[in-house]
Amino acid sequence: MAEPSDLKAVIAPLRAAAYDFDEAPVRRALAAVFAADATVRLAHPLGEMPAAAVYDRVYSPLFAAWPDLERRETIVIAGTTPEGADWVGCCGYYTGVFAAPWLDIPPSGQPVAMRFHEFFRIEAGHVVEMQALWDLPEVMLQAGAWPMAPSLGREWQVPGPATQDGLADHDPGAGARSCDHVIAMLTAMKRHPAEGGPELMEMDRFWHPRMAWYGPAGIGTGRGVAGFRQAHQIPFLRAMPDRGQYVDRITYHFFGEGPYVGVTGWPNMIQTLTHDGWLGLPPTGTRLTMRSLDFWRLEGGRIRENWVLVDLLDVYAQLGVDVFERMRELTRARRHG
């Protein structure tokens, strides 16, 4: 089993270069960190590409729009999955002044922050796969250009860990125990509604009474079990009660370090939209795949904080909804006078 510090060292050049973002050092870091045949998987509509294409297709347009671009991290953890794969997970946000259009999102002329969850699979000292979500709806919201239903939860700049130790090295043995807790929690959650009422989820056993669930833009943050259920869980399960029934068709990658746990998968959820109530979407009967990349922090043996990003734009695309075209219509007057 690799040491977390050794795994983090693999991506350290990219982390450093992206903080003081400039083209030449970031290009050098990408070339040094990624294997020649590495694959990068990003949120819709950025898509999947070879690592060699990432700067020109993704970073260069973003840097042109946010000319003082920098990458700030709140959590960096590393570990080995039960299957033996080595991963590094990073949570944080890209920030800068939104000075020019990006993905047709109109500039605000103000500082903007875009959350990211980025996971890197390491082999032989290089990144061979990256799975990452950037919270593009958050950028639309800050630009006054979100064209879909309003969030049920609180929209804000999501904080880092309350303990401020997300960038420290932690005990990998404790990380394995933290993983066991999170996996047991998810197993209990999947029992409802297929097997009975919400008591089957044993929320008080797994979650701290002052828990915070930091959902993606378009859903928002919920505080406490009641806040989490109101902002996300009740409408989500009402709309897709078969969630958790297709685990044989998806892959999870769980790893932990100290009190922190990360999970990634592409996709890692499958469910059917059979009822209304989630995101204002109609019950189309569509079988949806979802990418949900998460971090948890345990405190006192229970989960106190949970950072969640879901590729909501990909969900809309599977339903035949082009959020970007709707955004362009919403902002047409701003863009064309």
Side-chain angles (χ1 to χ4, degrees), residues 2-43 46 49-80 86-99 102 111-135 139 157-161 163-170 172 255 257-258 260 262 264 293 295 307 309:
E3 289 294 324
S5 57
D6 294 335
L7 297 175
K8 294 174 189 178
V10 172
I11 67 164
L14 180 58
R15 295 170 56 203
Y19 173 62
D20 286 314
F21 200 101
D22 204 4
E23 179 176 355
V26 171
R27 283 189 182 276
R28 287 195 298 269
L30 289 167
V33 166
F34 283 87
D37 58 349
T39 298
V40 173
R41 296 180 170 92
L42 299 174
L46 301 174
M49 66 197 75
V54 168
Y55 190 89
D56 290 328
R57 291 191 195 177
V58 180
Y59 282 120
S60 180
L62 179 61
F63 190 28
W66 304 3
D68 57 344
L69 177 64
E70 62 183 63
R71 182 180 189 274
R72 298 186 181 181
E73 296 167 324
T74 56
I75 300 171
V76 178
I77 62 171
T80 303
D86 292 328
W87 287 84
V88 178
C90 301
C91 171
Y93 56 94
Y94 291 95
T95 188
V97 173
F98 200 168
W102 180 56
V112 63
M114 175 178 66
R115 287 173 67 192
F116 67 78
H117 289 182
E118 297 178 350
F119 289 81
F120 305 85
R121 183 163 61 89
I122 311 295
E123 289 183 3
H126 287 88
V127 174
V128 295
E129 180 184 7
M130 177 181 176
Q131 299 180 0
L133 294 181
W134 292 3
D135 200 352
V139 181
Q157 186 167 336
V158 166
T163 46
Q164 301 186 45
D165 61 354
L167 303 181
D169 289 331
H170 300 278
F255 61 98
E257 184 185 347
Y260 290 92
T264 189
L293 279 55
F295 292 87
W307 295 262
L309 284 184

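Note that these values count all heavy atoms, side chains included, but never hydrogens, waters or copies made by symmetry. Positions are given from 1, in the same order as the sequence printed here.
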Q. Between Pro161 and Thr74, is any pair of side-chain heavy atoms under 4.5 Å apart?
A. yes

Q | Under the side-chain contact (heavy atoms from CB on, under 4.5 Å) test, residues paired with Tyr55 that sit two or more places apart | A | Phe21, Glu23, Val26, Arg27, Leu30, Tyr59, Ser60, Phe63

**Q.** Note, Val76 side chain near Arg15 side chain (heavy atom, < 4.5 Å)
**A.** yes

**Q.** Shortest non-hydrogen separation from Cys90 to Arg71 and the atoms involved
**A.** CB-NH2, 3.6 Å

Q. What distance do Asp20 atom CG and Glu70 atom CD have between them, rounded to the nearest 0.5 Å?
A. 7.5 Å

(Q) Testing the basics here: between Ala2 and Thr80, what is the closest heavy-atom pair and its distance to 0.1 Å? (A) N-OG1, 4.0 Å

Q. Which heavy atom in Ala132 sits nearest to a heavy atom in Glu118, and how many Å separate them?
A. CB-CG, 3.7 Å

Q | Heavy-atom closest pair, residues Val10 and Gly125 | A | CG1-O, 3.5 Å

Q. Is there a side-chain contact between Trp134 and Val139 (heavy atoms, below 4.5 Å)?
A. no

**Q.** Closest heavy-atom pair and its distance - Val40, Phe34
**A.** CG2-CE2, 3.9 Å

Q | Nearest-0.5 Å distance, SG of residue Cys91 to CG of residue Leu133 | A | 11.5 Å

Q) Between the side chain of Glu73 and the main-chain N/O of Gly92, is any donor-acceptor distance below 3.5 Å? A) no

(Q) Using every non-hydrogen atom in the two residues, find where Pro13 and Ala29 come nearest and quote the distance to one decimal. (A) O-CB, 3.6 Å

Q: Report yes or no: does Glu257 contribute a side-chain atom to a donor-acceptor pair with the main-chain N or O of His170 at less than 3.5 Å?
A: yes

(Q) Within the structure provided, determine whether Phe98 and Met114 are in side-chain contact (heavy-atom separation under 4.5 Å). (A) no

Q: Output the distance between atom CE (Met130) and atom CG (Leu14), rounded to the nearest 0.5 Å.
A: 7.5 Å

Q: State, with a plain yes or no, whether a side-chain heavy atom of His117 is found less than 4.5 Å away from one of Thr264.
A: no

Q) Phe119 vs Phe295 aromatic rings, parallel, tilted or perpendicular, using cut-offs 30° and 60°? A) parallel

**Q.** CH2 on Trp307 to CG on Leu309, rounded to 0.5 Å
**A.** 12.0 Å

Q. Rounded to the nearest 0.5 Å, what separation is found between the CD atom of Glu123 and the CD atom of Glu129?
A. 9.0 Å

Q) What orientation do Tyr94 and Phe116 show, parallel under 30°, tilted 30 to 60°, or perpendicular over 60°? A) tilted

Q: Begin from the C-alpha positions of Tyr260 and Asp165 and carry the test side chain to side chain donor-acceptor pair (under 3.5 Å) through to its verdict.
A: CA-CA 10 Å; Tyr260 290 92; Asp165 61 354; 2.5 Å; yes

(Q) Please check: side-chain N/O of Thr95 versus main-chain N/O of Val112, any donor-acceptor pairing under 3.5 Å? (A) yes

Q.
Contact between Leu42 and Val58 at the side-chain level, heavy atoms closer than 4.5 Å - yes or no?
A. yes

Q | Pairwise side-chain contact, Ile122 with Val128, heavy-atom cut-off 4.5 Å (strictly under) | A | no

**Q.** Step-by-step side chain to side chain contact (heavy atoms under 4.5 Å, CB included) determination, Val33 to Phe120
**A.** CA-CA 10 Å; Val33 166; Phe120 305 85; 5.7 Å; no

